[in-house]
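What follows is one structure encoded as structure tokens, with my remarks underneath.
Reminder, nothing fancy here: chain letters follow the sequence lines and each chain counts from 1. A quick note: this is a predicted structure, and the numbers were derived from the prediction, not measured.
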Number of protein chains: 2
Amino acid sequence: MLLSKSCVYGLRASLYLASKRDGEFYSLKEISKELGISFHFLTKILQQLTADGLMESYKGPNGGVRLSQKGKDATLFDLVVAIDGLGLFTQCALGLPGCGSQEPCPLHESWMNTRGSIEHMLKRTSLIGIAREGKEKHFRLSAEGKFSWQ
Amino acid sequence: MLLSKSCVYGLRASLYLASKRDGEFYSLKEISKELGISFHFLTKILQQLTADGLMESYKGPNGGVRLSQKGKDATLFDLVVAIDGLGLFTQCALGLPGCGSQEPCPLHESWMNTRGSIEHMLKRTSLIGIAREGKEKHFRLSAEGKFSWQ
DNA sequence: CTAAATTAGGACAAACAACTCTTAAATAGA
DNA sequence: TCTATTTAAGAGTTGTTTGTCCTAATTTAG
Ligand code: FES
Ligand code: FES
């Protein structure tokens, strides 16, 4: 798969938060239940996003997580990089060390284009924007239609 | 990474064969040494390609593998599918089951485009063509410049 | 016929990704 | 203050990918 499972779960949880009331905290228990993601696993992933400054968390009853300002301004690219790192956008398609035009592999030119189109797609898509569109058009965010944008 | 290691090794070995004398068998020992790939691991991968009809093998002294006619006609897409399967070209970007326009996820439209550009790039690139170009322009096929297109 | 070279194929081991469980720390409310 | 609720953090488990090893089967050459 293009993105790791951690990354996909992080994206889905971020879309969830972006579609909810701004500034409010939502508990991981609720998010994991609605999206059908393992609670403990999701915890780890959102801890990463919190550490990265894309989310804020609050402990205790009525606690939870919410998007920070940085998170609200983020594109999908920012989220993907926060979890999967830059590998997808820097590595050689043939796995050779140091992808670059100094000593390209046979796929370099084609891959640079394709890689660029992936990167561009993620960079032009804002989290907030895609969440709004998803809410409007009732796109799905979980298997089995568990989640319904409220 | 976009492609699995198995897939990348298979591609590199295929490029190797495509750049060599047509119809001749080259031993896995030689290929693995020149490309810096584990001999036994490469064996497994090329067995897959042989089973898939993209290569032909011959046992015994002076034995080895070579591209079949199907292999010589193949595009990178054919090779990728033979090893990694169709997953990359059929699965939902958010990992939801049954990617399709009936019940799209928020990324569906964007991902269909991007996925299409990956697919198109692989389909328009023929193995033989890219091998010829690589040989002409002395592109690299291994780390550390072990391999030099002879 | 025999020995060496080679692919085929299975069992195994190591590394990594994905997932689970337990305990600690913070917070709210009774 | 005490208890329940929640995130934080780390250890542990499972499963998949990657890589290794050993034994067969096939073929060539002497
Ligand atoms: S060197 Fe291989 S893709 Fe750039
Ligand atoms: S349904 Fe998610 S990409 Fe098609």
Side-chain angles (χ1 to χ4, degrees), chain A residues 1-13 16-17 24-68 71 80 83-85 87-88 91 94-95, chain B residues 1-13 17 24-68 71 80 83-85 87-88 91 94-95 143:
Chain A
M1 246 198 318
L2 187 79
L3 305 175
S4 70
K5 288 224 167 192
S6 295
C7 188
V8 160
Y9 292 164
L11 282 174
R12 286 169 56 197
Y16 180 95
L17 289 174
E24 271 191 35
F25 288 99
Y26 290 86
S27 80
L28 287 166
K29 192 174 155 197
E30 174 188 329
I31 303 174
S32 66
K33 191 170 294 180
E34 286 225 39
L35 297 182
I37 301 172
S38 147
F39 169 78
H40 288 99
F41 195 27
L42 187 60
T43 292
K44 293 287 142 97
I45 298 159
L46 297 198
Q47 272 171 28
Q48 262 188 275
L49 293 179
T50 301
D52 213 74
L54 289 159
M55 290 185 181
E56 292 161 351
S57 67
Y58 199 79
K59 291 178 183 173
N62 309 317
V65 294
R66 69 180 178 195
L67 293 176
S68 67
V80 168
I83 298 177
D84 277 352
L88 180 61
Q91 286 170 6
L94 291 185
Chain B
M1 246 197 321
L2 187 79
L3 306 174
S4 71
K5 287 223 165 192
S6 295
C7 188
V8 159
Y9 292 164
L11 282 174
R12 286 169 56 197
L17 289 174
E24 272 191 34
F25 288 99
Y26 290 86
S27 80
L28 287 167
K29 191 174 155 197
E30 173 186 331
I31 303 174
S32 65
K33 191 169 296 180
E34 287 225 37
L35 297 182
I37 301 173
S38 146
F39 169 79
H40 287 99
F41 195 28
L42 187 59
T43 293
K44 295 284 145 92
I45 298 161
L46 297 199
Q47 272 171 27
Q48 260 187 277
L49 293 179
T50 301
D52 212 76
L54 290 159
M55 289 185 180
E56 292 161 350
S57 67
Y58 200 78
K59 291 178 183 172
N62 309 318
V65 293
R66 68 181 179 195
L67 292 176
S68 67
V80 168
I83 299 177
D84 277 352
L88 181 60
Q91 287 170 5
L94 291 185

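- The two residues Met55(A) and Leu17(A) have their closest heavy-atom pair at CE-CD1, 3.6 Å.
- Each of dC22(D), dT18(D), dT27(D) was ranked by its minimum atom distance to the side chain of His40(B); first place goes to dC22(D).
- Rounded to a whole Å, the CD1 atom of Ile83(A) is 14 Å from the P atom of dA17(C).
- One can place CZ of Phe41(B) at 17 Å from P of dG10(C), the figure rounded to the nearest angstrom.
- At dA5(C), none of the side-chain N or O atoms of Tyr58(B) fall inside 4.0 Å of OP1 or OP2 (strictly under the cut-off).
- Between the CG atom in Leu46(A) and the OG atom in Ser6(A) there is a gap of 10.5 Å [rounded to 0.5 Å].
- Counting to the nearest Å, the C1' atom of dT17(D) and the NZ atom of Lys5(A) are 15 Å from each other.
- Sorted by residue number, the list of members of residues 45-56 of chain A with any non-hydrogen atom under 4.0 Å from DNA chain C is empty.
- In plain terms, the two heavy atoms of Ser57(B) and Thr50(B) that are nearest each other are OG-CG2, 4.0 Å.
- dA15(C) atom C1' lies 14 Å from atom CE of Met1(B), rounded to whole Å.
- Contact between the side-chain N/O atoms of Ser57(B) and the OP1/OP2 oxygens of dA8(C) is found at a separation under 4.0 Å.
- Two residues, Phe39(A) and Ser27(B), neighbour DNA chain C, and the one matched to the more 5' nucleotide by heavy-atom proximity is Ser27(B).
- Rounded to whole Å, the distance from CG on Leu42(A) to P on dA18(C) is 14 Å.
- Close to dA29(D), at under 4.0 Å from its OP1 or OP2, lies a side-chain N or O of Asn62(B).
- At a threshold of 4.5 Å between non-hydrogen side-chain atoms, the residues Val65(B) and Glu56(B) do not count as touching.
- DNA chain D is contacted by both Gly60(A) and Lys44(A); Gly60(A) maps to the nucleotide lying nearer its 5′ end (nearest heavy atom per residue).
- A straight line from CD1 of Ile37(A) to C1' of dT20(C) spans 16 Å, rounded to a whole angstrom.
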Assess the residue pair Tyr26(A) and Glu34(A) against the criterion (side chain to side chain donor-acceptor pair (under 3.5 Å)); give the C-alpha distance rounded to whole Å, side-chain angles, the decisive distance to 0.1 Å, and a yes or no.
CA-CA 11 Å; Tyr26(A) 290 86; Glu34(A) 286 225 39; over 6 Å; no

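- Annotation for Asp84(A) and Cys7(A): closest pair OD2-CB, 3.3 Å, computed over non-hydrogen atoms.
- Going from atom CG of Leu3(B) over to atom P of dT17(D) covers 14 Å, rounded to whole Å.
- In this structure, Tyr9(A) does not reach the dA18(C) phosphate: none of its side-chain N or O atoms is under 4.0 Å from OP1 or OP2.
- Distance CZ (Arg12(B)) to P (dT18(D)): 14 Å, rounded to an integer number of Å.
- The residue among Ser38(A) and Lys59(B) whose nearest nucleotide of DNA chain C is located toward the 5' end is Lys59(B).
- Listed here is the closest heavy atom pair of Ile31(B) and Ala13(B): CG2-CB, 4.1 Å.
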